[in-house]
Amino acid sequence: MLPPFAFLSFDLTSRSMGAKIIRISQILIDSKGQQHFSEHLFNNDGVAISEDVQEYLGLTESTLKNKPLLTSKTFDFKCAKNIVVWDGMVTKALLKNNGIIGYSPVINLHSLARYLEDVPKPISLKNFVLNNIPHKKIQLEILLRKPENKVKVLVDVYESLSQ
């Protein structure tokens with residue numbers, strides 16, 4: 001039986017929609033509610049990693065040289081009943097641009113969060129956390145300082161939106 005949720009965050013070679021996914025951070029939530037964190041690195045397949053991304057992520061082309069290419073065989077996008085991400089529209093475009101066509105249904109937290117706004121508009125994950133989860137504001141703000149922790153914050157956002 002598949003776990004109910006896989007929370008995913010992606011790190012990319014650049015801010016471009018044509019970027020390669022070079023790291024996936026994942027938290028699987030099993031049927032008992034237990035969280036299982038994993039991190040997966042992937043080869044950039046010759047796509048240059050921008051300087052700002054290298055500085056922010058601490059990943060270089062040489063770090064990723066011997067890692068596998070991202071495919072449906074090297075990462076299971078159907079490992080849970082639902083994939084939970086911050087921005088489902090961007091996620092779907094990134095998966096398509098990276099050649100991934102089969103994946104579990106996507107829960108788009110950004111779209112759900114926008115309904116809490118007086119005027120629905122794009123919002124950042126950090127702004128949502130700071131404005132809507134005040135009892136964990138400091139803890140989540142500290143987590144967001146490292147890109148690999150973004151996936152941990154998604155779990156809190158999901159729980160906040162579920163209430």
Side-chain angles (χ1 to χ4, degrees), residues 2-30 35-50 52-54 56-59 64 67-117 120-133 140-141 143-162:
L2 288 176
F5 301 107
F7 290 81
L8 302 178
S9 71
F10 303 101
D11 292 316
L12 312 171
T13 53
S14 70
R15 295 179 183 254
S16 156
M17 284 306 292
K20 285 289 190 182
I21 297 169
I22 54 177
R23 177 168 55 196
I24 297 176
S25 298
Q26 172 181 262
I27 293 179
L28 279 173
I29 308 286
D30 66 27
Q35 297 183 14
H36 307 277
F37 174 81
S38 60
E39 183 178 87
H40 311 269
L41 295 174
F42 300 98
N43 191 296
N44 56 315
D45 197 25
V47 175
I49 302 173
S50 70
D52 59 326
V53 168
Q54 286 184 50
Y56 180 65
L57 299 178
L59 295 174
L64 302 172
K67 301 300 178 194
L69 292 173
L70 176 63
T71 67
S72 295
K73 292 181 180 178
T74 57
F75 186 84
D76 185 2
F77 288 95
K78 294 182 179 182
C79 61
K81 292 179 184 175
N82 299 282
I83 293 173
V84 184
V85 297
W86 175 244
D87 190 327
M89 299 301 286
V90 170
T91 295
K92 289 178 181 180
L94 285 170
L95 292 175
K96 181 180 178 184
N97 289 341
N98 279 266
I100 306 300
I101 54 173
Y103 47 86
S104 295
V106 174
I107 296 175
N108 185 343
L109 294 180
H110 182 259
S111 289
L112 295 172
R114 288 176 60 193
Y115 288 104
L116 297 178
E117 299 292 316
K121 60 183 189 276
I123 52 177
S124 72
L125 175 62
K126 183 176 183 178
N127 287 341
F128 179 81
V129 166
L130 297 179
N131 295 326
N132 294 288
I133 312 176
L140 296 176
E141 196 170 21
L143 279 175
L144 283 172
R145 290 180 185 164
K146 292 186 174 184
E148 62 271 19
N149 290 337
K150 180 180 174 183
V151 72
K152 296 174 184 175
V153 175
L154 293 179
V155 175
D156 288 296
V157 170
Y158 177 82
E159 289 172 357
S160 168
L161 291 169
S162 297

| task | Show the numbers, then the answer: is there a side-chain contact (heavy atoms from CB on, under 4.5 Å) between Lys126 and Glu141? | result | CA-CA 7 Å; Lys126 183 176 183 178; Glu141 196 170 21; 4.0 Å; yes
| query | Going by the angle between their ring planes, with limits at 30° and 60°, are His110 and Trp86 parallel, tilted or perpendicular? | reply | perpendicular
| task | Quick one: sort the Tyr158 and Phe5 rings into parallel, tilted or perpendicular, breaks at 30° and 60°. | result | tilted
Decide yes or no for [X] and [Y]: does some side-chain heavy atom of the first lie under 4.5 Å from some side-chain heavy atom of the second?
X: Gln26; Y: Cys79; answer: yes
X: Val129; Y: Val157; answer: yes
X: Phe10; Y: Asn98; answer: no
X: Ile27; Y: Lys152; answer: yes
X: Leu12; Y: Leu57; answer: no
X: Ile100; Y: Ser72; answer: yes

| task | Go through the steps for Leu70 and Phe77 under the test side-chain contact (heavy atoms from CB on, under 4.5 Å), then give the verdict. | result | CA-CA 11 Å; Leu70 176 63; Phe77 288 95; 4.0 Å; yes
| field | side-chain hydrogen bond (donor to acceptor under 3.5 Å, both in side chains) between His40 and Ser38, worked out | value | CA-CA 7 Å; His40 311 269; Ser38 60; 2.9 Å; yes
Where [X] and [Y] come nearest, the two heavy atoms and their spacing:
X: Ser104; Y: Lys81; value: CB-O, 3.7 Å
X: Leu59; Y: Ile22; value: CD1-CD1, 4.1 Å
X: Asp30; Y: Pro3; value: CA-CB, 4.0 Å
X: Asp45; Y: Asn43; value: N-OD1, 2.6 Å
X: Lys78; Y: Gly102; value: CE-C, 3.7 Å

Gap separating the [atom1] atom of [X] from the [atom2] atom of [Y], nearest 0.5 angstrom:
X: Asn44; Y: Lys67; atom1: CG; atom2: NZ; result: 12.5 Å
X: Ile24; Y: Phe75; atom1: CD1; atom2: CZ; result: 4.5 Å
X: Ser160; Y: Asn132; atom1: OG; atom2: CG; result: 6.0 Å
X: Glu148; Y: Ser9; atom1: CD; atom2: OG; result: 9.0 Å

Spell out, as yes or no, whether a donor-acceptor pair under 3.5 Å connects the side chain of [X] to the backbone of [Y].
X: Ser14; Y: Ala19; result: no
X: Thr13; Y: Lys20; result: yes
X: Thr91; Y: Asp87; result: yes

| task | Tell me, with the steps shown, if Leu154 and Leu125 meet side-chain contact (heavy atoms from CB on, under 4.5 Å). | result | CA-CA 9 Å; Leu154 293 179; Leu125 175 62; 4.2 Å; yes
| task | Verify side-chain contact (heavy atoms from CB on, under 4.5 Å) between Ile49 and Leu64, making sure each step is shown before the conclusion. | result | CA-CA 10 Å; Ile49 302 173; Leu64 302 172; 3.7 Å; yes
